[in-house]
Amino acid sequence: MATDGFTTCLWYDGQAEEAAHFYVSIFKNSSIGEIARYPEGALQPAGSVMTVEFTANGHKFLGLNGGPEFKFTEATSFMIFCENQEEIDYYWTKLTENGGEPGPCGWLKDRFGVSWQVVPDRLQAMITDPDPAKAARVTAAFMAMSKFDIAALDKAYAGE
């Protein structure tokens, strides 16, 4: 069995190194690792980036410049659990800048098309509260949001 966790491979069309630098600039505990280049006779131009290893927020990634065949979809997303509104605002702003797109219920796409969920860390506890009225109010509140507003969620939870 693998004992060193997982590495997520992200398929890009020539943007792997740019994306790696973008993510490393946003998250703490991040760095760029080895960069491999395509050799002569490969499907991509010789010398262009084939793969770039990087770590973002302690999670290992491999960016692969595989070509235009595959695109990112919302079927896979990365969740960022935030302690406060300042963190939500930070990640939302950084990940949507320069061509990213806000979505519903805390979801967004960054400029590379990767989907993210920027979520209050206490949301799960709120929507699974044993009091169904509290859970319903919070669910109704967040379903109407794009970027999460923690104060509004807290008010819905409290019945205000």
Side-chain angles (χ1 to χ4, degrees), residues 2 4-124 126-127 138-153:
D4 195 27
F6 295 100
T7 297
T8 302
C9 181
L10 299 174
W11 180 294
Y12 295 92
D13 183 15
Q15 305 160 311
E17 186 175 16
E18 179 186 352
H21 285 284
F22 175 66
Y23 301 131
V24 166
S25 76
I26 294 172
F27 296 99
K28 294 177 182 176
N29 193 19
S30 301
S31 62
I32 301 289
E34 291 186 339
I35 297 174
R37 300 195 177 275
Y38 278 103
E40 290 290 335
L43 296 175
Q44 301 292 331
S48 65
V49 172
M50 179 170 52
T51 61
V52 57
E53 295 177 348
F54 66 100
T55 301
N57 199 31
H59 184 88
K60 296 184 293 186
F61 291 89
L62 179 80
L64 167 68
N65 282 326
E69 291 83 4
F70 300 109
K71 304 288 182 207
F72 297 111
T73 74
E74 293 84 354
T76 301
S77 62
F78 295 97
M79 296 180 78
I80 305 168
F81 293 99
C82 300
E83 184 178 336
N84 54 48
Q85 192 65 46
E86 183 180 14
E87 285 184 7
I88 287 175
D89 294 346
Y90 170 80
Y91 289 116
W92 191 270
T93 299
K94 291 293 186 182
L95 290 166
T96 58
E97 70 186 6
N98 298 321
E101 300 174 12
C105 304
W107 290 64
L108 62 87
K109 284 185 184 178
D110 66 30
R111 68 183 187 223
F112 302 101
V114 175
S115 291
W116 299 83
Q117 296 179 60
V118 182
V119 197
D121 60 4
R122 61 185 177 270
L123 181 65
Q124 189 67 20
M126 293 171 134
I127 62 174
V138 171
T139 300
F142 86 69
M143 293 294 283
M145 295 179 184
S146 181
K147 178 176 72 171
F148 280 120
D149 177 340
I150 293 177
L153 293 173

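Counting from 1, the numbers follow the sequence of the chain as shown. Bear in mind that the values here come from a model prediction, so they are computed numbers and not experimental data.
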Atom NZ of residue position Lys94 - does it have more than 12 heavy atoms of other residues, nucleotides or ligands inside 6.0 Å?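 No, because the 6.0 Å sphere around NZ of Lys94 holds 12 heavy atoms or fewer from other groups.
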Do other residues, nucleotides or ligands put more than 12 heavy atoms under 6.0 Å from Gln85 CD?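 Yes - once you tally the heavy atoms of other residues, nucleotides and ligands closer than 6.0 Å, there are more than 12.
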May I ask you to check whether Tyr12 and Phe70 place their ring centers less than 6.0 Å from one another?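 No, too far apart.
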Can we call the ring centroids of Trp116 and Phe27 under 6.0 Å apart?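 That pair passes the under 6.0 Å test.
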Determine yes or no for a side-chain-to-main-chain donor-acceptor pair under 3.5 angstrom, with [X] supplying the side chain and [Y] the backbone.
X	Y	answer
Trp11	Gly67	yes
Ser25	Phe22	yes
Thr96	Trp92	yes
Thr8	Phe61	no
Asn29	Asn57	no

When rounded to the nearest 0.5 angstrom, what is the spacing between [atom1] in [X] and [atom2] in [Y]?
X	Y	atom1	atom2	result
Ile127	Phe142	CD1	CZ	5.0 Å
Leu62	Thr51	CG	OG1	5.0 Å
Asp89	Cys82	CG	SG	9.0 Å

Passes side-chain contact (heavy atoms from CB on, under 4.5 Å), Arg37 versus Ser48? Steps please. CA-CA 5 Å; Arg37 300 195 177 275; Ser48 65; 5.9 Å; no
Apply the test side-chain hydrogen bond (donor to acceptor under 3.5 Å, both in side chains) to residues Tyr23 and Asp110: give CA-CA distance (whole Å), side-chain angles for both, the deciding distance (0.1 Å), then the verdict. CA-CA 10 Å; Tyr23 301 131; Asp110 66 30; 2.5 Å; yes
Give every residue pair that meets the salt bridge (charged side-chain N to carboxylate O under 4.0 Å, His left out) criterion with at least one member in residues 7-36, sequence neighbours excluded.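 As it turns out, the salt bridge (charged side-chain N to carboxylate O under 4.0 Å, His left out) pairs with a partner in residues 7-36, which skip direct neighbours, are Glu18-Arg111.
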Take Gln124 and Phe81 through the side-chain contact (heavy atoms from CB on, under 4.5 Å) test and state the conclusion after the steps. CA-CA 10 Å; Gln124 189 67 20; Phe81 293 99; 6.0 Å; no
Might you point out which heavy atoms bring Asn65 and Ala16 nearest each other, and give the distance in Å?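 Asn65 and Ala16 have their closest heavy atoms at OD1-N, 2.9 Å.
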Over all heavy atoms of both residues, which pair between Ala56 and Ser30 is shortest? Give the atoms and the distance, please.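 The answer is CA-OG, 3.2 Å.
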Test item: [X] and [Y] side chains (from C-beta on) under 4.5 Å apart, heavy atoms:
X	Y	value
Ile32	His21	yes
Val119	Ile80	no
Trp107	Glu74	yes

Just checking, any donor-acceptor pair under 3.5 angstrom between side chains of Gln117 and Ser77?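 There is such a pair between these side chains.
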Going through the distances and angles, do Asp149 and Ile88 end up as a side-chain contact (heavy atoms from CB on, under 4.5 Å)? CA-CA 8 Å; Asp149 177 340; Ile88 287 175; over 6 Å; no
Could you walk me through whether Leu43 and Tyr38 pass the side-chain contact (heavy atoms from CB on, under 4.5 Å) check? CA-CA 8 Å; Leu43 296 175; Tyr38 278 103; 5.6 Å; no
